[in-house]
Amino acid sequence: MTNAQQAATQQTEQQAINKQWRLKQRPIGEPNADTWEYTETVVPEIADGQVLIKNEYISIDPAMRGWLNDAKSYIKPVQIGDVMRAGTVGQVIASKLDGFAAGDYVCGNEGVQSYAVSEGQGLYKIDADLAPLPHYLGALGMSGMTGYFGLLNTGMPKAGETVVVSGAAGAVGSLVGQIAKIKGCRVVGIAGGGEKCQFLVDELGFDAAVDYKNGNVKKDLREACPEGVDVFFDNVGGDILDDVLTQINRKARIVICGAISQYNNTTPVKGPANYLSLLVNRARMEGIVVFDNVKEYPIAMQDIAGWIQSGELKVKNHVVTGIETFPETLMMLFNGENFGKLVLKVEA
Ligand code: NAP
């Protein structure tokens with residue numbers, strides 16, 4: 001794009017409206033209509049050292065719920081009045097920042113808004129011809145990095161071992177199970193509903209699936225894991241973690257990736273009553289935070305892209321259209337309405 005074209009595009013974009021979702025009030029329990037404020041502002045002009053990005057896809061993550069709490073965590077809470085934090089993929093509309101040019105596709109943390117002005121922090125270019133854009137928020141983004149490093153570095157699965165994953169039909173879980181299969185493990189997924197469980201076995205090649213909504217988790221898990229559980233990758237916490245703890249093997253590794261069953265609690269988080277199983281089995285339970293691996297992301301991206309290309313790893317994205325739907329779309333995660341990686345397409 002020439003400078004004149006870039007200036008003309010930016011002028012048109014500046015007349016455009018930036019649709020934004022801001023935090024209005026910290027929720028107690030589930031976020032609701034009082035949590036959010038929808039604002040429309042004029043797209044600002046960029047200064048030297050800035051880029052203007054038109055967001056195309058917004059990542060919808062369970063972690064968003066935690067970012068609303070005014071509590072110490074691995075990242076600062078979103079402040080009242082701020083645009084809601086979110087991972088994004090978009091296109092650079094205008095740039096006065098070295099290394100970025102109009103037309104580039106970029107990944108970043110540009111929030112729940114249709115346009116963003118960035119000084120480049122956390123922003124990186126992606127190849128839009130290599131993979132569909134939502135992949136860069138899912139399998140080739142935070143979900144993929146979480147599953148890859150959480151399973152391989154912390155779960156340390158060995159061929160022949162049994163790996164169990166909860167939230168198995170979701171963004172992280174569906175990748176964890178498939179990576180464990182690639183590494184030669186027996187893989188059992190725990191998910192809500194027959195359709196998701198069938199998908200895990202029939203489409204993703206899991207060895208078995210346990211439907212926690214329509215069965216007895218302990219009994220069904222025992223049948224699905226006749227030799228016990230060596231690695232448990234937990235996305236859910238609560239009762240499911242407790243049930244799996246009763247079936248772990250000696251030296252088992254339990255990866256605490258998340259506890260979505262507890263995120264909207266209005267009472268204290270329920271810890272595992274069966275934790276002494278760790279003692280009996282000389283087992284280990286360890287939490288992970290994806291950002292700790294940022295320097296190694298390119299290694300994971302290369303492996304995951306290779307597995308996608310070879311057909312060993314299947315990617316399922318769940319795309320909802322319209323930034324206006326953000327509050328309802330976020331709740332899909334907590335209602336189990338998403339199938340695979342949930343992303344919000346900003347415009348139709
Ligand atoms: P996801 O699995 O795509 O979506 C959430 C899923 O959780 C839902 O589809 C639902 O599936 C399940 N769920 C919701 N409420 C539940 C409940 N009460 N009991 C059992 N299952 C429930 O989300 P994701 O993005 O892949 O994230 C998965 C987990 O990883 C989350 O806990 C998230 O916080 C965590 N995470 C951690 C890191 C890290 O660095 N530690 C990074 C990214 C994500 P069903 O239909 O099967 O119930």
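When a residue number appears, it is its place in the shown sequence, counting from 1. We count ligands from 1, going down the list as the structure has it; atoms in each ligand are counted the same way.
Within the 4.0 Å heavy-atom cutoff, G193 does not count among the residues contacting ligand 1. Assignment of F339 to the shell around ligand 1 is not supported, since no heavy atom sits closer than 4.0 Å. Heavy atoms of Y74 stay at 4.0 angstrom or farther from ligand 1. The closest approach between G340 and ligand 1 falls below 4.0 Å for a heavy atom of the residue. Heavy-atom distances between L333 and ligand 1 reach below 4.0 Å in at least one pair. A heavy-atom separation below 4.0 Å is not found between A169 and ligand 1.
For the pair L333 and I60, the minimum side-chain heavy-atom distance is below 4.5 Å. Contact annotation: the side chain of V163 approaches that of L151 to within less than 4.5 Å [non-hydrogen atoms, C-beta and beyond]. Looking at heavy atoms from C-beta onward, L175 lies out of side-chain contact with Y148 at the 4.5 angstrom threshold. Under the 4.5 Å side-chain criterion, counting only non-hydrogen atoms from C-beta, Q91 is in contact with E56. Between Q20 and Y115 the shortest side-chain heavy-atom distance does not fall below 4.5 Å. Considering only heavy atoms from C-beta on, M285 comes within 4.5 Å of I256 through its side chain. Here the side chains of M142 and L137 are not in contact, with every heavy-atom distance at 4.5 Å or above. Looking only at side-chain heavy atoms (C-beta outward), Y297 and V290 come within less than 4.5 Å of each other.
Interface of V290 with ligand 1, defined as ligand atoms under 4.0 Å from a residue heavy atom, comprises 39 (C), 40 (O). Within the listing of ligand 1, atoms 23 (O), 24 (P), 25 (O), 27 (O), 31 (C), 33 (C), 34 (O) sit less than 4.0 angstrom from a heavy atom of P62. The ligand atoms of ligand 1 that sit less than 4.0 angstrom from a heavy atom of V289 are 40 (O). Those atoms of ligand 1 with a heavy atom of A191 less than 4.0 angstrom away are 47 (O). For ligand 1 and S261, the ligand atoms under 4.0 Å from any heavy atom of the residue are 17 (C), 18 (N), 19 (N). Distances below 4.0 Å separate heavy atoms of G336 from the following atoms of ligand 1: 8 (C), 9 (O), 10 (C), 46 (O). Proximity to G170 (heavy-atom distance under 4.0 Å) selects the following atoms of ligand 1: 1 (P), 2 (O), 3 (O).
For ligand 1, the polar-atom distance check against A171 finds a nitrogen or oxygen pair separated by under 3.5 Å. The N/O atoms of G192, backbone and side chain alike, include one that comes under 3.5 Å of an N/O atom in ligand 1. Below 3.5 Å of separation, one finds no N or O of K213 facing any N or O of ligand 1. Considering backbone and side-chain N/O atoms, K196 comes within less than 3.5 Å of an N/O atom of ligand 1. The shortest N or O to N or O distance between E337 and ligand 1 is not below 3.5 Å.
Looking at N335, D61, I288, I260 and measuring to atom 12 (C) of ligand 1, the nearest heavy atom belongs to I260. Distances from atom 29 (C) of ligand 1 to the heavy atoms of N235, L175, L200 put N235 nearest. The closest heavy-atom contact to atom 26 (O) of ligand 1, among the options V172, I240, L137, N338, comes from V172.
Atom CD of Q302 has 12 or fewer neighbouring heavy atoms from other residues, nucleotides or ligands inside a 6.0 Å radius.
At the top of the distance list for atom 34 (O) of ligand 1, counting protein heavy atoms only, stands Y263 OH, 2.7 Å. Of the protein's heavy atoms, T146 CG2, 3.6 Å lies nearest to atom 38 (C) of ligand 1. Closest to atom 15 (N) of ligand 1 among all protein heavy atoms lies F334 O, 3.7 Å. With respect to atom 37 (C) of ligand 1, the closest heavy atom belonging to the protein is C257 O, 3.0 Å.
No side-chain donor-acceptor contact under 3.5 Å links E110 and N55. Side-chain contact check for N264 and R65: at least one donor-acceptor pair (N or O, by modelled atom type) lies under 3.5 Å. For the residue pair D82/Q79, the side-chain donor-acceptor check at 3.5 Å is not satisfied.
Side-chain atoms of T88 do not come within 3.5 Å of backbone N or O of G111 as any donor-acceptor pair. With R282 contributing its side chain and V280 its backbone, the two residues share a donor-acceptor pair below 3.5 Å.
Only the backbone of A259 comes within 4.0 Å of ligand 1, counting heavy atoms alone; no side-chain atom from C-beta on gets that close. At a heavy-atom cutoff of 4.0 Å, ligand 1 is contacted by the side chain of Y212 but not by its backbone.
K341 has a carboxylate O that lies under 4.0 Å from a charged side-chain N of D61, or vice versa, which qualifies the two as a salt bridge.
One distance of note links CH2 of W36 with CG of L68; it measures 4.5 Å at 0.5 Å rounding.
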